[in-house]
Number of protein chains: 2
Amino acid sequence: MTNRGTRTAEPEARRKTTARGGDSRRQDLLEAAARRFASRGYEGTSIRDIARDVGMLPGSIYYHFTSKEELLVAVHKEGVLQVMEAVRKAVSKAGDDPWDRLTAAAEAHLEALLGKNEFSPVVTPQFTRGFEDPLRSTLIAQRDEYEAFFVSLVNKLPLPSGTSRQLFRLALLGSLNWTLTWYRPGRKKPATLARQMIGLYRKPLE
Amino acid sequence: MTNRGTRTAEPEARRKTTARGGDSRRQDLLEAAARRFASRGYEGTSIRDIARDVGMLPGSIYYHFTSKEELLVAVHKEGVLQVMEAVRKAVSKAGDDPWDRLTAAAEAHLEALLGKNEFSPVVTPQFTRGFEDPLRSTLIAQRDEYEAFFVSLVNKLPLPSGTSRQLFRLALLGSLNWTLTWYRPGRKKPATLARQMIGLYRKPLE
DNA sequence: TAGTACAACAAACGATCGCTTGTTAGGAGG
DNA sequence: CCTCCTAACAAGCGATCGTTTGTTGTACTA
């Protein structure tokens with residue numbers, strides 16, 4: 001529904017001008033773009049779609065972002081930042097036990113991924129597929145910064161020798177991220193899901 | 001490179017007419033479309049791209065398919081069929097042990113997913129995201145037929161009571177399918193990867 | 001050899017795409 | 001009061017989109 005019907009942008013949007021700090025409209029654009037990119041994909045989303053969502057004319061977007069591509073990069077960066085912050089906080093609140101710390105990270109990860117956050121779906125590496133290489137590398141670099149977090153958590157795990165830590169991490173992240181394709185809210189809380197998945201791996205390895 | 005430079009379609013394509021059974025050109029279209037869809041996405045692929053790849057004018061595609069959407073459905077169906085056939089064959093050649101049968105299925109699954117097959121990337125459920133609902137349901141239905149295979153394999157597994165078979169299957173398929181986002185050919189064979197991943201789950205549970 | 005079906009070409013349709021340009025309303029600061 | 005800056009509007013650019021229509025060369029068939 002949003003505000004499809006209104007032919008001309010309502011003055012309400014206008015009034016916001018310099019009402020607060022300033023980034024308000026830019027943030028609106030980021031969120032609208034994230035929602036669209038997540039549900040319809042980058043190519044499936046037009047500048048006009050996003051403009052309509054925030055109540056603005058298409059051309060006006062180019063005051064805030066120099067190109068559609070720059071908007072994508074900004075959305076991706078914001079998404080990575082939000083998830084990274086959530087995980088960092090959760091881990092810092094956890095105890096010293098390596099498994100507990102990994103579990104806390106997995107819980108925060110899934111909560112961000114499956115929760116209300118509109119940015120997180122854009123953060124998954126699968127989203128990266130299909131972009132040309134200068135852009136693609138930029139996104140992957142942003143994402144790798146986050147994934148490095150899990151590398152260090154897994155490295156501190158007391159695993160039996162012979163277990164590839166890399167394979168373990170990739171398998172675990174695969175299980176977690178894959179929930180995006182089948183999870184339906186309500187059935188089970190994301191944090192519970194995360195704990196159960198860790199359990200699947202933990203039992204045989206500790 | 002392909003045949004970008006040739007302005008007019010070379011007569012070579014013409015000669016193929018009724019050379020064999022007949023489906024030859026249609027199959028070419030399916031393969032070209034699959035490659036494009038896999039690398040650039042559905043929205044990122046134009047009818048003109050596909051036409052150029054097979055050496056045909058854009059309008060000519062509509063002799064074989066009534067719409068771009070129908071082409072997508074056909075590509076998806078073909079992909080599911082190919083992977084399903086490979087897995088079915090592998091399992092039938094495996095022994096009676098449930099773990100062996102699951103391992104055989106996982107190996108075939110990954111070989112199809114990461115191998116030369118251009119259809120398989122299109123088959124993953126993540127590809128389904130972003131389509132509207134009549135189309136989306138069609139694709140999911142095709143895909144579910146394949147996934148049912150894994151349901152029955154997991155159900156016959158001797159798992160300790162208390163382990164959710166559904167969660168186990170989703171986690172495993174997640175690990176396997178996620179390889180698409182990070183696997184680079186050459187390092188390790190897909191089948192080896194599949195075995196090692198199963199091993200991650202197997203040890204503690206049997 | 002005439003007729004028919006096939007598989008493609010050639011050209012264009014209207015719609016939509018990302019983006020550019022020129023303009024304007026309204027606060028902020030001298 | 002005047003100026004400047006901000007954040008938008010209004011309009012349209014050329015390119016490309018999926019698709020349609022009419023035509024044509026070729027191969028089978030009677």
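So you know, we letter chains A, B, ... as the sequences are listed, proteins then strands, and number each from 1. Values reported hereafter were calculated over all heavy atoms of this structure, with side chains retained and with hydrogens, waters and symmetry mates removed.
One interatomic measurement links the two molecules: CZ of B/R52 to C1' of C/dC9, which rounds to 17 Å at whole-angstrom precision. Atom CG in A/L57 sits roughly 14 Å away from atom P in D/dG12 (whole-Å rounding). Taking atom CZ of A/R40 as the reference point, atom P of C/dC17 lies 13 Å away to the nearest angstrom. Here the C1' atom of nucleotide D/dA7 and the CG atom of A/D28 are 13 Å apart, to the nearest Å. Distance, A/L29 CG to C/dG18 C1': 15 Å, rounded to whole Å. Straight-line distance from the CD1 atom of A/I50 to the C1' atom of C/dC19: 14 Å, rounded to whole Å. For the pair A/Y42 OH and C/dC17 C1', the computed distance is 12 Å after rounding to whole Å. The separation between B/E69 atom CD and D/dG18 atom P is 12 Å, rounded to whole Å.
Residue B/Y63 places no side-chain N or O under 4.0 Å from the OP1 or OP2 atom of C/dA8. For A/S46 and C/dT16, the shortest distance from a side-chain N or O to OP1 or OP2 is not below 4.0 Å. Taking only side-chain nitrogens and oxygens, B/R25 comes nearer than 4.0 Å to OP1 or OP2 of C/dA8. Listed pair B/H64 / C/dA8 meets the phosphate criterion, a side-chain N or O lying under 4.0 Å from OP1 or OP2. Contact check, B/S60 against C/dA7: no side-chain N or O comes under 4.0 Å of OP1 or OP2.
Comparing C/dG18, D/dT19, C/dC9 by their closest approach to the side chain of B/K68 singles out D/dT19. Picking from C/dA10, D/dA7, C/dA12 the nucleotide with the shortest atom distance to the side chain of B/R48 gives C/dA12. Candidate nucleotides D/dT6, D/dG18, C/dA8 were compared by shortest atom distance to the side chain of B/Y62, and D/dG18 ranks first. Among the nucleotides C/dA10, D/dT19, D/dA7, the one closest to any side-chain atom of B/S67 is D/dT19.
Nucleic acid contact class of B/I47 (heavy atoms, under 4.0 Å, all strands): base.
A donor-acceptor contact shorter than 3.5 Å links the side chain of A/R25 to the backbone of A/V54.
A salt bridge links A/D53 with A/R36: at least one charged nitrogen is closer than 4.0 Å to a carboxylate oxygen.
Side-chain N/O atoms of B/Y201 and B/T163 include no donor and acceptor closer than 3.5 Å. Remark: the B/N155 side chain and the B/S152 side chain contain no N/O donor-acceptor pair separated by less than 3.5 Å. Using a 3.5 Å distance cut-off with no hydrogens or angles, the side chains of B/Y42 and B/H76 do not pair a donor with an acceptor.
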